[in-house]
Every structure is written in structure tokens, then in C-alpha cells.
Amino acid sequence: MSRLAPWVPRLIIATAALHFVWGLAQPHAWGAIARDGLFRSVVETGDEDYFLREFSVWWMVAGIALLALGTLARYVVRTTGCLPAQIGWYLLGVGVVLCVLYFPVTGGWPVLAIGVLGLVAARRTGTPRSGQMPDDTDNRSAAPRG
């Protein structure tokens, strides 16, 4: 396993955590969403704070998506010793879109950088083949690795 492979999921998870923190630190509409009882609290496009509500929700949704991608990548690295190239490509795609749309000031730069690191790590470790999982006859241990 490449030394870089375990770091890519860690960086994705750290980015997700920062996404949650930043989503709550900047101006948000969570109080208004909670006052409306959550259900259908972000559907009235005519409300004066609609875009702030939508912004707040999407910051959290993107954080959850990053957390899912990071924890799944960590699982794959721990069980196969390989980082799938798809992880890097997904992050690269998100990062490029963010960097193009919001150039030059965007949080897409770290996502783009982690995507590149993911592709480098995948190239160094190889990409697990479909259904590849360690078994009892494999030399790799299925036990979690750092």
C-alpha cells in the first residue's frame, strides 16, 4: 500500500468536518428552518430568506456527501490496500466545477488538490478490481490499518 493512500480518505473526512463547521460559522438560516418545524421549511422560493435557507442546507448536504465518500474510501483502502481511482476523479470533477464557477475564491481548491492526490495514490496502489476483497489465503490482513 502506498503511504499516500490512507491520507486521501483522512483529508476528505477533514474537509467534510470543515464543511460542517464553516456551514454553521457563516451566516445561516438554521434558526428559521427550526422555527418552521423543518418539514417543508425550504420550499417557498418567494420567502426573503429562501436563498440563505437553501445555502445552509446545501452546505450540510455537501458535508454529508464528503463524509460518505471519505469513510467509504477509508474502508476500501483498509480492506483492499488500494484506493480506487474513482475517488480522485469524483473529487477532481467537483473541484474543477467549483473552481471554474467561483474562480478565484472558492473552497473547491482543496477538493481539487485532494482529487489529484487521490489519482496519484490510486496509480501507486492500483485500483481494486470489481469484487476484490481479501480472503484467508491472501497475504494482506483484513484487519483495519492506520
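This is a predicted model, so every value here is computed, not measured. Numbers for residues simply follow the sequence, beginning at 1. FYI, side chains are in, hydrogens and waters are out, and symmetry mates aren't considered; it's all heavy atoms of this structure.
Counting heavy atoms from C-beta outward, L91 and L119 have side chains that stay 4.5 Å or more apart. Taking the side chain as every heavy atom from C-beta outward, V76 and L83 never approach each other to under 4.5 Å. The side-chain heavy atoms of L92 and L112, taken from C-beta on, include a pair separated by under 4.5 Å. Between M60 and L24, some side-chain heavy-atom pair lies under the 4.5 Å cut-off. The side-chain heavy atoms of L98 and W109, taken from C-beta on, include no pair separated by under 4.5 Å.
The heavy-atom pair separating P27 from L52 by the smallest distance is O-CD1, 3.5 Å. Between W59 and H19, the closest heavy-atom pair is O-ND1, 2.9 Å. In this structure, P84 and A122 approach most closely via the heavy-atom pair C-CB, 4.0 Å. Across every non-hydrogen atom of C99 and G108, the tightest pair is SG-C, 3.7 Å. Contact detail for A16 and G63: the closest heavy-atom pair is CB-O, 3.5 Å. Across all non-hydrogen atoms, the minimal contact from A73 to I87 is CB-CD1, 3.9 Å.
V105 and F103 sit in two unconnected hydrophobic clusters of ILVMFWY residues. Membership requires side-chain heavy atoms under 4.5 Å apart, directly or through other members. Under a hydrophobic-cluster definition in which Ile, Leu, Val, Met, Phe, Trp and Tyr are linked whenever side-chain heavy atoms come within less than 4.5 Å, directly or via other members, L72 and L117 are assigned to different clusters. Hydrophobic clustering, with ILVMFWY side chains joined whenever heavy atoms are under 4.5 angstrom apart, keeps F39 apart from V61. Residues W58 and L67 share a single hydrophobic cluster, defined by chaining ILVMFWY side chains whose heavy atoms lie under 4.5 Å apart. In the hydrophobic clustering of this structure, V21 does not group with I64; members are Ile, Leu, Val, Met, Phe, Trp, Tyr whose side-chain heavy atoms approach within less than 4.5 Å, directly or through other members.
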Review point. Y90 and L69: side chain to side chain contact (heavy atoms under 4.5 Å, CB included), yes or no, with the steps?
Key: CA-CA 9 Å; Y90 296 150; L69 186 63; 4.2 Å; yes
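For the atom pair CD1 (I114) and CG (L11), the distance works out to 5.0 Å, reported to the nearest 0.5 Å. To the nearest 0.5 angstrom, L18 atom CG is 10.5 Å from F20 atom CZ. The structure places CZ of R124 at 6.0 Å from CG of L4, a figure rounded to the nearest 0.5 Å. How far OH of Y75 is from OG1 of T80: 9.5 Å, rounded to the nearest 0.5 Å.
T71 contributes a side-chain N or O that, together with a main-chain N or O of A68, makes up a donor-acceptor pair within less than 3.5 Å. S56 contributes no side-chain N or O that, together with a main-chain N or O of H28, makes up a donor-acceptor pair within less than 3.5 Å.
Residue Y50 forms a side chain to side chain donor-acceptor pair (under 3.5 Å) with just one option from R53, E54, E48, and that option is E54.
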